[in-house]
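From a predicted model like this one, the values you see are computed outputs, not experimental measurements.
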Amino acid sequence: MIQSSIAAVCSLLGSARPHASRPRISTRLSSHVLLFFYCIAIATFGLNNVPAASSARTLYTTSKSLIDIAPPSECSAPFAPVLAFGDSTTDTGNQIHTNTPFATAASPPYGMTFFHEPTGRYSDGRVMLDFLCTALKINFLPPHLTRSSQCANENFAVAGATANNNAELQSIANVTSLTEDTLEVQLSWFKNDLQGHDLSKALVYFGEIGGNDYNYALGAMRPANEVQALLPAVVDKIHNALEIILDSGVKKVVVQGQFPMGCIAIYLKLFNNTQLDSNGCVSSVMEISNQHNRMLRDVISHVQEIHPDVDIIFFDTTEAYLHILGNPSTYNLNNVRDPCYTGGLEVLALANAGNTGGSPSTLPPHKINMTSCTNPENYIGWDGIHLTDAMYGAMMRLFLTDARFTSPFPNFLTPCTDH
């Protein structure tokens, strides 16, 4: 069954991430790309057997709307420092400076558009955090591992990061992460750099986290109840992280929701015979990310009630994505399903070989297609799991201007950003 799934994916291959100071060609495989291999196993797992959301919501089950707080009439910026947490959708170069043996964001064609070279971002150009920085009229956040000073703007996000550490992942779902730089590690960096500093003027961008936890369990064919058990565990980690950040004196936080997992190209290709929802996304996979977002909203409401002096904004990543998916021409997008850079699927084939018969580091040489489409500005997807500069930019503009995708709205960012 697994072999047939691998063959199906390989048949889909037809046509593959950026370093801040100088590009570095690397044959190392990204931890995120390796996750594609895990996704292969989902085919035998039977995602349609994932139970309804209500069965696993053991934490934060009270349905609450986010508290509406009157926004300031004038901007309280400059925010100082501006800090970020998250995974590959927020990382601006940390992973390529870690010991992780898989970091394809150090190689072309990643970074081909805006930067014209790899910078460690898993995109053809910028990620959403970059567009927020531009709107705030500040420089892009440097990755923590290349920062020049403490108590300055920096980004703690690491591609491949999980919310839970390996011991917890093993306990809950008997799976292991490929990277050690979890949310807990990012919080330790935050404490080491900023403990004792005045953070009352700081802004924290809390990017997506937890998606990798779910992918590991699904890819390892864990029972549905174990996959579901990760949801409260992940959201509890986020809750604890927010409390740590606020206890440090931070007053302004942006929390990004989970991306719509079932709309990602790799899932659509692997499960093209699986039931799709009205948006053309894999229904059973969507239920995981939707449930995550429901629970995350409950946490934000709870934290906001406990900390009435704090302003928390929620960016509804899934709804913004789905809006663009349903209105692509409005955003100059004409390919909403295929990845621009399909060489990532060729890397997947290598990952399959390495993880079914040996180590990826000892694989024989393989010529990976290092080219991409010539018009990523017209694509939603970049490499089959991450998005393009154009898509990230369109989503951030929606977050900053449209009440349908941001709660509350208007908010403390509204008078501070250039739209």
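A donor-acceptor contact shorter than 3.5 Å links the side chain of S123 to the backbone of R126. Without hydrogens or angle criteria, N153 side chain to V82 main chain gives a donor-acceptor distance under 3.5 Å. Here the side chain of T90 pairs no donor or acceptor atom with the backbone of G86 at under 3.5 angstrom. Formation of a donor-acceptor pair under 3.5 Å by the D91 side chain with backbone atoms of N94 is found in this model. Proximity of a side-chain donor or acceptor of T414 to a complementary backbone N or O of N411 within less than 3.5 Å is detected. In this structure, the side chain of T388 engages the main chain of Y379 through a donor-acceptor pair within 3.5 Å. A side-chain donor-acceptor contact under 3.5 Å links D277 to the backbone of G280. Put simply, the side chain of Q258 never gets that close to the backbone of T317: no donor and acceptor are under 3.5 Å apart. Side-chain atoms of H302 never come within 3.5 Å of backbone atoms of D298 as a donor-acceptor pair (strictly under, hydrogens ignored).
Using a 4.5 Å heavy-atom cutoff, the side chains of K269 and I264 are not in contact. Residues C263 and L322 have side chains in contact (heavy-atom distance under 4.5 Å, counting atoms from C-beta outward). N166 places none of its side-chain heavy atoms less than 4.5 Å from the side chain of V175. At least one side-chain heavy atom of L132 sits less than 4.5 Å from a side-chain heavy atom of L413. Residues L136 and C416 have side chains in contact (heavy-atom distance under 4.5 Å, counting atoms from C-beta outward). Residues W382 and S372 have side chains in contact (heavy-atom distance under 4.5 Å, counting atoms from C-beta outward). Side chains of L231 and M295 form a contact here, defined as non-hydrogen atoms less than 4.5 Å apart. Side-chain contact between V255 and Y205 is absent, with no heavy-atom pair separated by less than 4.5 Å.
Judged by distance alone, the side chains of Q170 and T176 do bring a donor and an acceptor atom under 3.5 Å apart. A donor-acceptor pair shorter than 3.5 Å can be found between the side chains of T92 and N155. In this model, a donor atom of one side chain and an acceptor atom of the other lie less than 3.5 Å apart for H323 and Y331. Using modelled atom types and a 3.5 Å distance limit, the side chains of H239 and D236 yield no donor-acceptor pair. N290 and N293 are not linked by any side-chain donor-acceptor pair at a separation below 3.5 angstrom, with hydrogens and angles left out of the test. For the residue pair D213 and N164, a side-chain donor N or O sits within less than 3.5 Å of a side-chain acceptor on the partner. No hydrogens or angles considered: nothing links the side chains of T89 and H386 as a donor-acceptor pair under 3.5 Å.
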For side-chain hydrogen bond (donor to acceptor under 3.5 Å, both in side chains), just list the numbers for D124 and T113, CA-CA rounded to whole Å, side-chain angles, deciding distance to a tenth of an Å, and then say yes or no. CA-CA 6 Å; D124 62 301; T113 56; 2.9 Å; yes

Apply side chain to side chain contact (heavy atoms under 4.5 Å, CB included) to the pair I238 and L296, showing each step before the final yes or no. CA-CA 8 Å; I238 295 174; L296 182 56; 3.8 Å; yes

Please step through side chain to side chain contact (heavy atoms under 4.5 Å, CB included) for the pair T146 and H97, ending with a clear verdict. CA-CA 8 Å; T146 64; H97 294 286; 3.4 Å; yes

CA sep, side-chain torsions, deciding dist, call: F79, K252, side chain to side chain contact (heavy atoms under 4.5 Å, CB included): CA-CA 9 Å; F79 303 109; K252 308 289 184 185; 4.2 Å; yes

Decide yes or no on side chain to side chain contact (heavy atoms under 4.5 Å, CB included) for F409 and R404, but give the supporting numbers first. CA-CA 9 Å; F409 189 90; R404 292 174 295 175; over 6 Å; no

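In this structure, CG on N240 lies 9.5 Å from CG on L187, to the nearest 0.5 angstrom. Between atom CD1 of residue I209 and atom OG1 of residue T182 there is a gap of 8.0 Å, rounded to the nearest 0.5 Å. We find the NZ-CG distance between K237 and L242 to be 13.5 Å, quoted to the nearest 0.5 Å. Atom CG in L325 sits 10.0 Å away from atom CG in L333 (nearest 0.5 Å). The CD atom of E168 lies 6.5 Å from the CD1 atom of I172; values are rounded to the nearest 0.5 Å. Distance CG/N212 to CG/L183: 12.0 Å, rounded to 0.5 Å.
The heavy-atom pair separating E208 from G257 by the smallest distance is CB-O, 4.1 Å. Q95 and A159 make their closest contact through NE2-O, 3.2 Å (heavy atoms, listed as atom of the first residue, atom of the second, distance). What you find for V127 and S88 is that their closest heavy atoms are CG1-O, 4.5 Å. Across all non-hydrogen atoms, the minimal contact from R147 to D193 is NE-OD2, 2.8 Å. Closest heavy-atom contact between M395 and A320: CE-CB, 4.3 Å. V285 approaches G262 most closely through the heavy-atom pair CG1-N, 3.6 Å.
Other residues, nucleotides and ligands place no more than 12 heavy atoms under 6.0 Å from the CD atom of E184. Counted within 6.0 Å of CG on N139, heavy atoms from surrounding residues, nucleotides or ligands total 12 or fewer; the atom is thus considered open.
A salt bridge links D316 with R297: the distance from a Lys NZ or Arg NE/NH1/NH2 to an Asp or Glu carboxylate oxygen falls below 4.0 Å. Using a 4.0 Å cut-off between charged nitrogen and carboxylate oxygen, R121 and D130 count as a salt-bridge pair.
Under the ring-ring contact (aromatic ring centres under 6.0 Å, His included) rule, F315 has a single partner from F399, F405, Y321, which is F399. A side-chain contact (heavy atoms from CB on, under 4.5 Å) with V253 is found for one member of L246, L203, L83, I300 and no other, namely L246. The only member of I288, I385, T318 that meets side-chain contact (heavy atoms from CB on, under 4.5 Å) when paired with M261 is I288.
Classification of the F156-W189 ring pair by plane angle, with boundaries at 30° and 60°, yields tilted.
Checked against the 6.0 Å centroid criterion, the rings of F190 and H144 do not qualify as a close aromatic pair.
Among residues two or more places apart in sequence or in another chain, the ring-ring contact (aromatic ring centres under 6.0 Å, His included) test is passed with F259 by none.
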